Amino acid sequence: MTQVLFILLLAASVAFFARTTWIFGRAVFAGTPEARPRLDDLPGRLMDVGIYFFGQKKVAEEGYGHRTSKHHLFIFWGFLVITIATVDIIVAGVIPGVSLRLLPDLLYQPLYLAIDVMNLMVLLMIVWAVIRRVIVQPRLIPWTLDAGLILGAIGSLMISHFLTHGYALAGVGESHWWMPVSSAVAKLLGDIGPSAAHRGEVMAYWAHVLIVLTFLNYLPYSKHIHLLGALPNIFARNRSERRLDMPKLNLEDETQWGVGKFEQFSWKSLLDTYACTECARCSNYCPAYNTGKNLSPMQLVHDIRYDMLDHTVARDRIKELEAQIVDMTAYSLSHGFDDAHPHPDLTQAKADLDAAKATEANMPRLTGGRIAEDTLWACTTCGACQEVCPVFIEHPLKILQMRQNLVLEQEKTPGELQRTFRNIERQSNPWGIANDQRMDWANGLEVPTIEENPDPEYILWVGCAGAFDARIIKQTRAMIKVLDTAGVDYAVLGHQEACTGDPARRAGNEMLFQALAEQNVETLKSVNAKKVVTSCPHCLHTLRHDYPQFGGNFEVVHHTQLIDHLFTEGKLKSEKSPVDTITYHDSCYLGRWNREFDAPRNILAAVGAPGGIKEMTRTKQHGMCCGAGGGRMFMEEHGERVNVNRTDEVIATGVSAVAVACPFCNIMLTDGMKTRDMENKVQVLDVAELVAQSIPDVPLSRLVRKKSAET
Ligand code: SF4
Ligand code: SF4
């Protein structure tokens, strides 16, 4: 009888679970196809699952002072071990007498020792998770009913496990070394006699079974859906070097300009939403969240999931009612009802259908509604969230695609960005300075243009900041000195260069971006460019990763990579360090997105600093953004400013200079130093400026030398 009851209960639970999984799976596949292969390289992807899912590599990785606890690591591994015990219980329920106890002691005892100890560890982690939510980080990971139910269910599972085994051991008066915690529980229960122990064991066993089956069915509706979503998400992760993987928008297709509805995301973007473990690392590392902006990348992922599921459930209900109405119409006609005297059930079904349609129609729109406009504009596209996410969720791409919808479809572009776009359209630069002044930065220098040096080894891509911003012009001129000193064969495009379109693409104006990309690719091809060097990581990223979508395949290097190479080759040699102590601020687009952490540091080491080179706490892949990426360079910022937050960290190191490798970082930190009244105490220097100040002055420009050599 017990066996039959168990099997019926199990079958009902599994059937309900399968139905839910089907509905949730269908929701994901309502998404658009993926632009990039996500299921290629099977061995590599399986290896990823081993390393990142079972091995939990990213959860175990160290960041800066991880305020996010590693309790998830223990809960997960504990869960894997405990799953063995759960399967054991289910198998024994279906086929009485078949259980792990049939294994030889040599296997059974260590296995049960692991299960017993892991149960205790998970129980302790549950207690810690409660403390963390309620006391330690209530803003970051707020207490919710869902969290309460899940933590309560897992805790009850652990307790019922100990009670089941504790009662069993108490009943026979035994204790075993391989069940230390259960044996301790048995001791606590005392000498209760075999029949009371048996009753206790049966009750605890059934409580355990009921919790397992309820948990299984609640799981897809809870945050623990990641137990189902994380593994496939890791398997399908972006394995390419193009980490910020923006697909080229088909501007001909006016039905999809960016993402305004959940089904306009790709299936992989939707799958992401099932994978979130709610570890909150993304928000913990997010510069916008940490300076009080209305953006939590974790919440953003959840909001997309809620939107997807709300619509899916509503649409299923509509379909169900429509089918009912068809059946009922046929039934009522065959039973003498007509339009004037409809069957009451049909009338009711039609009313329900209207209500269901209204429910869906009244749901807030996803982009700019459920996810607010200021949330989307707060992002600097720094990539810190994606970097730390243990299950490879790609938050910035989602934000950028929703920005495209705001700008192109909803025409909701913030005023400052409208100005920036206009400037780019009219003058080919975001500052709006007349494009015929693009070469003014080189006044007094003999900088070879492509017309003067038609077949250079490198095209020096100056960038708009390098050509038009007064502070960055100094940096560009320093770079010229470095190139001339090392005898690099280069030329600039001069007035042929236009904005790469980075601010336009990251701020959602794909139309403007594509026009610029096509123009620049044509220019670079027309001069037969092979290698391009640029001081701007935003230009670097766009030229390297975005232009191949437009047929522009060039070898693009950052100036720090070239300078590092020139030092290694012995073509540059620093004679004196211009600074006493120095630290380096990582640019997000050079570091996180393009994985260049070493070249700038090698250069700092080559130049030297008598007082020492110091690292900040938030460094390399966990570097803190300056606040300028993603078009934010050209936007107002309210409340605590990201650049000032980073500047404070620089100041706290006590250095006399901070090196940067990006014009935007340079501008933002220079501004931060002014805000803190520290501009005369802490210099902000681009790496090229640092090198230029450490090498002797060049008597002749490279071009003059080349011309002399030719004559
Ligand atoms: S990209 Fe940076 S700013 Fe944007 S959500 Fe992620 S961490 Fe926050
Ligand atoms: S999105 Fe990733 S990093 Fe953020 S809470 Fe979810 S799992 Fe953690």
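Every number for a ligand or one of its atoms is a count from 1 in the order of the listing. Note that these values count all heavy atoms, side chains included, but never hydrogens, waters or copies made by symmetry. Along the sequence shown, the residues carry numbers beginning at 1. None of these values were measured; they are calculated from a predicted model.
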For Glu416 and Glu636 the tightest heavy-atom approach is OE2-N, 2.8 Å

Under the side-chain contact (heavy atoms from CB on, under 4.5 Å) rule, collect the residues that match up with Ala35, sequence neighbours excluded.
-> Pro247

Hey, are [Y] and [X] close enough side-chain-wise for a donor-acceptor pair under 3.5 Å?
X      : Y      : answer
His226 : Asn233 : no
Gln401 : Asn405 : no
Thr560 : His558 : yes

Contact region, Ala280 to ligand 2, non-hydrogen atoms below 4.0 Å, reads backbone

Going by the salt bridge (charged side-chain N to carboxylate O under 4.0 Å, His left out) test, which pairs reach into residues 20-33, not counting sequence neighbours?
-> Arg26-Asp316

Relative to the heavy atoms of [X], which atoms of ligand 2 are at a distance of less than 4.0 Å?
X      : result
Glu278 : 5 (S), 6 (Fe)
Thr277 : 6 (Fe), 7 (S), 8 (Fe)
Val391 : 7 (S)

Taking it one step at a time, do Glu387 and Arg243 satisfy salt bridge (Lys or Arg N to Asp or Glu O under 4.0 Å)?
-> CA-CA 10 Å; Glu387 178 75 34; Arg243 290 177 165 76; 5.6 Å; no

Indicate every side-chain donor-acceptor pair of residues 390-397 with a distance under 3.5 Å to a residue at least two apart or in another chain.
unit_1	atom_1	unit_2	atom_2	d
Glu394	OE2	Arg38	NH1	3.2
Glu394	OE2	Arg38	NH2	3.4
His395	ND1	Ile393	O	3.4

Tell me the residues surrounding ligand 1, counting only those with a heavy atom closer than 4.0 angstrom, sorted by chain and number.
-> Cys286, Pro287, Leu295, Pro297, Cys379, Thr380, Thr381, Cys382, Gly383, Ala384, Cys385, Pro396, Ile399

